[in-house]
Number of protein chains: 2
Amino acid sequence: MITHQGDEDVREDPVGSRPPSAVGGATNRSAAARQGSLREHNLALALRAILGADSPPSRAWVARATGLTRPTVSTLVDQLVRAGLIAELAPLPSQGAGRPAVPLSAAPRSVVGLGLEVNVDYIGGRVLDLTGDVVAEAVLPGEFHDASPAAVLGRLGNLARDLLASVRQEGMVPVGARLALPGLVDLRERRLRVAPNLGWSGLDPVPLLGLPDDLDVQIANEANLAGVAQLSKGGPTSFLYVSGEVGIGAAIVLDGELYLGRHGWSGEIGHVAVDPAGPRCRCGAHGCLEQYSGKDALCTAVGLPVTASAADLLDRLTREDTAARAAAARAGTALGQAVAATVNLFDVDTVLLGGLYADLADLLLPHVRAELDARVLATPWSPVDVRRAPVASHAALSGAARLALQGVLDDPGAYVTP
Amino acid sequence: MITHQGDEDVREDPVGSRPPSAVGGATNRSAAARQGSLREHNLALALRAILGADSPPSRAWVARATGLTRPTVSTLVDQLVRAGLIAELAPLPSQGAGRPAVPLSAAPRSVVGLGLEVNVDYIGGRVLDLTGDVVAEAVLPGEFHDASPAAVLGRLGNLARDLLASVRQEGMVPVGARLALPGLVDLRERRLRVAPNLGWSGLDPVPLLGLPDDLDVQIANEANLAGVAQLSKGGPTSFLYVSGEVGIGAAIVLDGELYLGRHGWSGEIGHVAVDPAGPRCRCGAHGCLEQYSGKDALCTAVGLPVTASAADLLDRLTREDTAARAAAARAGTALGQAVAATVNLFDVDTVLLGGLYADLADLLLPHVRAELDARVLATPWSPVDVRRAPVASHAALSGAARLALQGVLDDPGAYVTP
DNA sequence: CCGATTAGTTGTACGGTTAAACATAAATGA
DNA sequence: TCATTTATGTTTAACCGTACAACTAATCGG
């Protein structure tokens, strides 16, 4: 027994030290389940059932949907109602026999999540409530390449405090914030390793925001968060989201959860090699996808300055012009090759194109589809569905706010008195 | 309420219909937690703690490790002992003050898992118990390209029945079997879609084995299972395993669980494009990794027939010969490019080379490492560790047997009387 | 031999779910 | 009109599994 003498604190598993392999992680596999865990699990289950229902469900429906009994659901729902997470709506004019049900729905404007974003051409914040409604928003355009992190994050912090103050004013309770950053974000150490387009590297941006210490503020990659924003009630729950901007990022969403990898920098599709002998990339390697399908490459190919707007680029590419067609083909084909590699590796069957690619989807899609048909091994049995991402405008803000709210969905027990 | 009237059977979620996104799935997030779920969770927790301990632990140690109380652990361990999953060892000569502990360990030769494999040049079966020991094994070399599925699987079925009979004879209880196949395996529909090297396609191999109906028999990809076999007590729990043979497959293992994707055909690294303008591949596309680093390509590059053995190939490649060096460089570089893409997408920091690549590791590693250093974006902050896979001989057999046993680890409650 | 220390067990309390019965409210139909 | 049917939601008692505290068991050091 000697070897065990030292192992005192194996038992607790502080969240920070856990590898962030997924978001929305649910019940901890390696923790002891006590009595309360049961209630927490079922509370979350009932909450998800209500939020995910097509129309406001009754307690009895929730019981059927979850497999819990009606008395149990009643007590759980009562707790959710008391906590302000769920609201009882006015009974509908009754439909059929039996006692009329009390419809339940997510309580609007109760708990809210704050999404923040720093990007090359704007900073912004957005507040979402449990219904998914945007309850407050502010976006400041600007030009932040090579701007001082302290200055930019300070301004964003002011904007965030204003948003928080205004929603608190109306009685809402912010439960967390996520900051979207266009770069390699280390979740475990909460550091922005490098953001080439901002010219930033090696910093912890959270203190620079100056938000209250009691608010849970975390950081994540912009494309990953934009991917999360594509989740919607009817839509697919497993997909690859590819965001084209100056850089190209991707998010892998599986069963409604973001796949983050060991450190949180999964999905770096922009540096998948399309042609190992191709042009040199900012990252030092040769032939990265970014050199073929990034915004700069596209602009250059059609003779625009790299500072051109997405609208200009779309305009130029839409011309019936040999150069324009060639540029779209080159970018779309390269994108298709990289996406095909990703699909072969991840086995997803839906691909959503976002960011700049949402605007250019009509031009790129035929080329992307052609490459996927040729290169994805599984195509004959499960064709890959590639399409424009449904949420486009500032998607990362919504994804960040959504993820900030995730803590409530995962552990409503923390917000409820039994 | 009309819209809800029809939704009767939302509650149960038969395992077959669930997307097989991971193995070792643990407590079902979308199921109601009843009282018994608590016990099942903690039973699995205690079992994992005992199996994962460095040396046979006591009940008190398990309590500390899991966060459960000693009385609870006592009752759980008693159940595991009664079920024959855990054995109480003879007390050690006591070390220090206090009542001597009763050391616990996995019960040898109690429940066992059966791993089966059909490959181009052999069929085989292996039986593992909870300690990880091989308790029975049989391998039949042969040449199975274009052989009849019914004949080959019939022979494998005989072999499997012999193994099962012999372990049953000794009082062991087989709890399941996994069949490893070198091809695209659809887990959800339990079909082998296509196995180019066998010349097989579109079949359900399980009935052809003729195993007893009460044994849970499932199928999986050979490389995926070989990846699972690399998990060991001291080693990494998240890694990319790349298996080079005629085809090239990969397994992505995250936190000790195999990532399978939507259908179970994740990890098809052999058809990641290394050069889109490269040679045409069997799959119809151009420039797939397989055309650069597959066994056939390597053999051809050094002037051997594609039927040459791994030993011949190694022998020829090890010569101080320009052609041999060029062949190793070409294969290693291409492999490095595909692996770099995978690492950029998955964010893993360990890569294990298995199959043929285990033999060729010394020759390939420098080239692979060079490409990773150049192409993996995260290299400066988290260098990728690439090395030879620890388990080489018939790894898929061990992985399959291990996965067959996984059901016991995930749900020991099913094998225990409370 | 006695206190200190650690391992494992016994008995009671508590929290959470269940099953069964009950209360509520509407539609249905003789 | 009024009992019957149907469905929702609540109450009650029982059950199950874990926690806590106290106990026994076994060893060491003095």
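So you know, we letter chains A, B, ... as the sequences are listed, proteins then strands, and number each from 1.
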Peer 1: Donor-acceptor pair, distance only, cut-off 3.5 Å: does the side chain of A/N42 make one with the backbone of B/A33?
Peer 2: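 Judged by distance alone, yes, a pair lies under 3.5 Å.
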Peer 1: State, without any angle test, whether A/Q406 and A/R178 hold a side-chain donor-acceptor pair at a distance under 3.5 Å.
Peer 2: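 No, A/R178 and A/Q406 have no side-chain donor paired with an acceptor closer than 3.5 Å.
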Peer 1: OP1 or OP2 of C/dT18 sitting under 4.0 Å from any side-chain N/O of A/T69?
Peer 2: yes
Peer 1: Let me know the distance between CG of A/L104 and C1' of D/dG9, rounded to the nearest Å.
Peer 2: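 Checked: the CG to C1' distance equals 11 Å.
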Peer 1: May I have the distance from A/L76 (atom CG) to D/dG9 (atom P), rounded to whole angstrom?
Peer 2: 14 Å
Peer 1: Going by modelled atom types, is there a donor-acceptor pair between the base of D/dG17 and the side chain of A/Q35 at under 3.5 Å?
Peer 2: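 Per atom types, the contact qualifies.
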Peer 1: Rounded to whole angstrom units, what separation is found between the CG atom of B/L38 and the C1' atom of C/dC14?
Peer 2: 13 Å
Peer 1: Counting just side-chain N and O atoms, does B/T72 come under 4.0 Å of either OP1 or OP2 of D/dG17?
Peer 2: no
Peer 1: Partners of B/S232 by side chain to side chain donor-acceptor pair (under 3.5 Å), sequence neighbours excluded?
Peer 2: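 Scan of B/S232 (side chain to side chain donor-acceptor pair (under 3.5 Å), adjacent residues dropped) gives none.
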Peer 1: Does A/R34 put a side-chain nitrogen or oxygen below 4.0 Å from OP1 or OP2 of D/dA19?
Peer 2: yes
Peer 1: In whole angstrom, what separates B/L45's CG from D/dG17's C1'?
Peer 2: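 Going from CG in B/L45 over to C1' in D/dG17 covers 15 Å.
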Peer 1: Please say which of A/I252, A/V228, A/L231 ends up in a side-chain contact (heavy atoms from CB on, under 4.5 Å) with A/L258.
Peer 2: A/V228
Peer 1: May I ask you to list the residues of residues 81-90 of chain B, by number, that have any heavy atom positioned under 4.0 Å from an atom of DNA chain C?
Peer 2: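 Those residues whose heavy atoms fall under 4.0 Å from DNA chain C, taken from residues 81-90 of chain B, amount to none.
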Peer 1: Do the side chains of B/D410 and B/R48 get close enough for a salt bridge, i.e. N-O under 4.0 angstrom?
Peer 2: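 Salt bridge: no.
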Peer 1: Do NZ/NE/NH1/NH2 and the carboxylate oxygens of B/R59 and B/E88 come within less than 4.0 Å?
Peer 2: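 Yes, B/R59 and B/E88 are salt-bridged.
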Peer 1: State which residues pass side-chain contact (heavy atoms from CB on, under 4.5 Å) with B/V127; sequence neighbours excluded, sorted by chain then number.
Peer 2: B/V112, B/L114, B/V135, B/A136, B/L163, B/V167
Peer 1: Check the phosphate of C/dG16 against A/R39, side-chain N and O only, distance under 4.0 Å to OP1 or OP2. Yes or no?
Peer 2: yes
Peer 1: Taking 4.0 Å as the cut-off, does a side-chain nitrogen or oxygen of B/N42 come that near to OP1 or OP2 on D/dG17?
Peer 2: no
Peer 1: B/A60: which residues meet the side-chain contact (heavy atoms from CB on, under 4.5 Å) condition with it, sequence neighbours left out?
Peer 2: B/S58, B/R64, B/R70
Peer 1: Nearest whole angstrom, please: distance from the P of D/dC28 to the CG of B/L92.
Peer 2: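 About 13 Å, once rounded to whole Å.
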Peer 1: List for me each residue that meets side-chain contact (heavy atoms from CB on, under 4.5 Å) alongside A/E170, sequence neighbours excluded, and say none if there are none.
Peer 2: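 Result, side-chain contact (heavy atoms from CB on, under 4.5 Å) vs A/E170: A/R109, A/M172.
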Peer 1: Considering only D/dG9, C/dA7, C/dA20, which nucleotide approaches the side chain of A/A101 most closely?
Peer 2: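 My answer, after comparing the listed nucleotides, is D/dG9.
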Peer 1: How would nucleotides 22-30 of chain C be written as a contact map, 5' to 3', with B for base contact, S for sugar-phosphate-only contact and - for no contact, using protein heavy atoms under 4.0 Å?
Peer 2: --BBBS---
Peer 1: Whole Å only: how far is the CD atom of B/E40 from the P atom of D/dT18?
Peer 2: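 From B/E40 CD to D/dT18 P: 11 Å.
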Peer 1: Check this one for me: any side-chain N or O of B/S74 less than 4.0 Å away from OP1 or OP2 of C/dG8?
Peer 2: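 For C/dG8, neither OP1 nor OP2 has a side-chain N or O of B/S74 closer than 4.0 Å.
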